[in-house]
Amino acid sequence: MSKRDYYDVLGVGKDASKQDIKKAYRKLARKYHPDISKEENATEKFKEVKEAYEVLNDDQKRAQYDQFGHEGPQGFGGFGGAQDFGGFGDIFDMFFGGGGRRRDPNAPQQGADLQYTIVLEFEEAIFGKETEIRIPSDETCQNCHGSGAKPGTKPKTCSTCHGAGQMNTEQNTPFGKIVNRRVCHTCNGTGKEIPQKCQTCKGTGKVKKHKKIQISIPAGIDTGQQIRVSGKGEAGVNGGPPGDLFVVVQVKEHEFFERDGDNIYCEMPLTFTQAALGDEIEVPTVYGKVKLKIPAGTQTGKIFRLKGKGAPNVRGYGEGDQHVRFKVVTPTKLTDRQKELLREFNELGGHGTTEENDDDSIFKRFKKAFKGE
């Protein structure tokens, strides 16, 4: 199956700026993220979006893609499969004058970012909360202080790659000599060998632990939004800084309220008498009950707005509103006396509170439409 054009995947034009590409990526990544999306094939779509972004957000990769498409120059490996073709970067170095720089395997590296999904009650998302979460993570081994070596011993330079962390192999092709770089099989890219491994971490320099983290949930947060907690990701490598923790929010549905952005919606029942004669009723809000006057003649579907009774804006820009939709409930069980009164009401010409001279009366429009049938 052929791949979709990367620009089409992100929904941007070929003249899109890096800012446009990043904005489109963030929007689609939130939409298809496997932890929160209910879309069909969300995982595959998320991978497709991520792959497109990684290419178009990189100036060199984007230039190569614009020129050669998915297959790359002369058919040497596609963009999506670059990680499966050893030396892909070196081929481009040859054709496009790359410097062939190598990363020092012993240089400090930042730890990986972590992601945690937290499920909130509807009211918790509205008002925010302080809470503690417990997450699994890799921590620096305290027995060997991250070296992976048995206390009292030290790692030594890898005898296979001599500390480079990778092996170079040359291959003659019709285009010239190609240098393929592969991770050293002896040291797995670390550039070091550990003759005597730490018994606590088995030579990895890290141990699995569960750590407790205190986080602050801001008021007004909604499903799909996330909180970044700096420095609470995986431990760094070779003394590098730790990664970050991203807390993705999911909000449970409420049995009465619905939310759209900062606005809250609900439906309230009215009896026939309340709708016809008017009344003052109490309407539930997330802040407590408020009194609302219902004018006589209120119809099903009528919406009233309670200003400032919605969700607070998560960025602090005020509060939304609560919209109350009324539904007139027709009684299903009537006593004989109630039936008698309703028949009397009907005989007196009352079809509700609408006056006979009201041109918008549903009864008048009905009679006019079907007159003569």
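Since we're looking at a predicted model, the values are computed, not measured.
Once rounded to the nearest 0.5 Å, the distance linking CD of Gln166 with SG of Cys187 reads 9.5 Å. Distance NZ/Lys291 to CG/Leu306: 14.5 Å, rounded to 0.5 Å. Summarising the geometry, atom NZ belonging to Lys14 is positioned 10.0 Å from atom CG belonging to Leu56; distances are rounded to the nearest 0.5 Å. Rounded to the nearest 0.5 angstrom, Thr298 OG1 and Lys293 NZ are separated by 13.5 Å. Note that the CD atom of Gln338 and the NZ atom of Lys333 stand 12.5 Å from one another [nearest 0.5 Å]. Within the model, atoms CD1 of Ile215 and NZ of Lys232 stand 12.0 Å from one another, a figure rounded to the nearest 0.5 Å.
No side-chain heavy atom of Lys3 sits less than 4.5 Å from a side-chain heavy atom of Glu48. Residues Gln110 and Pro241 form a side-chain contact, since some pair of their non-hydrogen atoms from C-beta on lies under 4.5 Å apart. When side chains are defined from C-beta on, Asp279 does not count as touching Thr273, because their heavy atoms never get closer than 4.5 Å. Between Ile294 and Gln274, the closest side-chain pair of non-hydrogen atoms is not below 4.5 Å. Residues Asp222 and Val249 have side chains not in contact (no heavy-atom distance under 4.5 Å, counting atoms from C-beta outward). A 4.5 Å side-chain heavy-atom check between Thr190 and Cys158 finds every atom pair outside the cut-off. Between Ile227 and Pro218, some side-chain heavy-atom pair lies under the 4.5 Å cut-off.
A donor atom on one side chain and an acceptor atom on the other are found under 3.5 Å apart for Glu193 and Ser159. Asp15 and Tyr7 are not linked by any side-chain donor-acceptor pair at a separation below 3.5 angstrom, with hydrogens and angles left out of the test. Between the side chains of Tyr6 and Glu51, a donor-acceptor pair is found at a separation under 3.5 Å. Side chains of Glu130 and Ser216: a donor-acceptor N/O pair is present below 3.5 angstrom, by distance only.
Within a 6.0 Å radius of CD in Glu258, no more than 12 heavy atoms belonging to other residues, nucleotides or ligands are found. The number of heavy-atom neighbours closer than 6.0 Å to CD of Glu253, taken from other residues, nucleotides and ligands shown, is 12 or below.
Judged purely by atom type and a 3.5 angstrom limit, Arg182 has no side-chain atom pairing as donor or acceptor with the backbone of Cys184. Although no hydrogens or angles enter the test, the distance criterion places no donor-acceptor pair under 3.5 Å between the side chain of Lys18 and the main chain of Asp59. Between the side chain of Gln322 and the backbone N or O of Pro284, at least one donor-acceptor pair lies under 3.5 Å. Here the side chain of Asp113 pairs no donor or acceptor atom with the backbone of Gly243 at under 3.5 angstrom. A donor-acceptor pair is defined here as one N or O able to donate and one able to accept, closer than 3.5 Å; no such pair exists between the side chain of Asn41 and the backbone of Glu44. The backbone N or O of Gly297 lies less than 3.5 Å from a partner atom in the side chain of Gln299, making a donor-acceptor pair. Between the side chain of Glu54 and the backbone N or O of Ala52 there is no donor-acceptor pair closer than 3.5 Å. In this structure, the side chain of Asp262 does not engage the main chain of Glu319 through any donor-acceptor pair within 3.5 Å.
The side-chain tip of Lys302 points at the ring of Phe304 from less than 6.0 angstrom away and within 45° of straight on.
When each of Glu124, Glu123, Glu121 is tested with Lys252 by the rule salt bridge (charged side-chain N to carboxylate O under 4.0 Å, His left out), just one qualifies, namely Glu121. With Glu139 as the partner, the salt bridge (charged side-chain N to carboxylate O under 4.0 Å, His left out) test is satisfied by one option alone out of Lys209, Lys211, Lys206: Lys211. Each of Ile217, Val247, Ile213 was scored for a side chain to side chain contact (heavy atoms under 4.5 Å, CB included) with Thr131, with one residue passing: Ile217.
No continuous path of hydrophobic side-chain contacts links Val248 to Val251 [ILVMFWY only; heavy atoms under 4.5 Å]. Hydrophobic clustering (side-chain heavy atoms under 4.5 Å, transitive across Ile, Leu, Val, Met, Phe, Trp, Tyr) keeps Leu114 apart from Phe46. Residues Leu292 and Val290 share a single hydrophobic cluster, defined by chaining ILVMFWY side chains whose heavy atoms lie under 4.5 Å apart. In this structure, Ile221 is not a member of the same hydrophobic cluster as Phe246, with clusters built from ILVMFWY side-chain heavy atoms closer than 4.5 Å. Hydrophobic clustering places Phe256 together with Val283 (ILVMFWY residues linked when any side-chain heavy atoms are closer than 4.5 Å, directly or through intermediates).
Heavy-atom minimum distance, Ile264 versus Ala311: CD1-N, 3.9 Å. In plain terms, the two heavy atoms of Gly220 and Gln225 that are nearest each other are O-OE1, 4.3 Å. Across all non-hydrogen atoms, the minimal contact from Val12 to Ala24 is CG1-CB, 3.8 Å. The minimum heavy-atom distance linking Ile126 with Pro312 is given by the pair O-CG, 3.2 Å. Contact detail for Pro155 and Ser147: the closest heavy-atom pair is CG-O, 3.8 Å. Across Lys202 and Gln199, no two heavy atoms sit closer than the pair NZ-O, 3.2 Å.
The aromatic rings of Tyr53 and Tyr25 sit parallel, their planes meeting at an angle under 30°, below the 60° perpendicular limit. Using bins of under 30°, 30° to 60° and over 60° for the plane-to-plane angle, the ring pair Tyr265/His323 lands in the parallel bin. Ring geometry for Phe257 versus Phe122: interplanar angle under 30°, hence parallel rather than tilted (30 to 60°).
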Yes or no on salt bridge (charged side-chain N to carboxylate O under 4.0 Å, His left out) for Glu340 and Arg337, after CA distance, side-chain angles and deciding distance? CA-CA 5 Å; Glu340 181 182 345; Arg337 178 58 178 158; 3.4 Å; yes
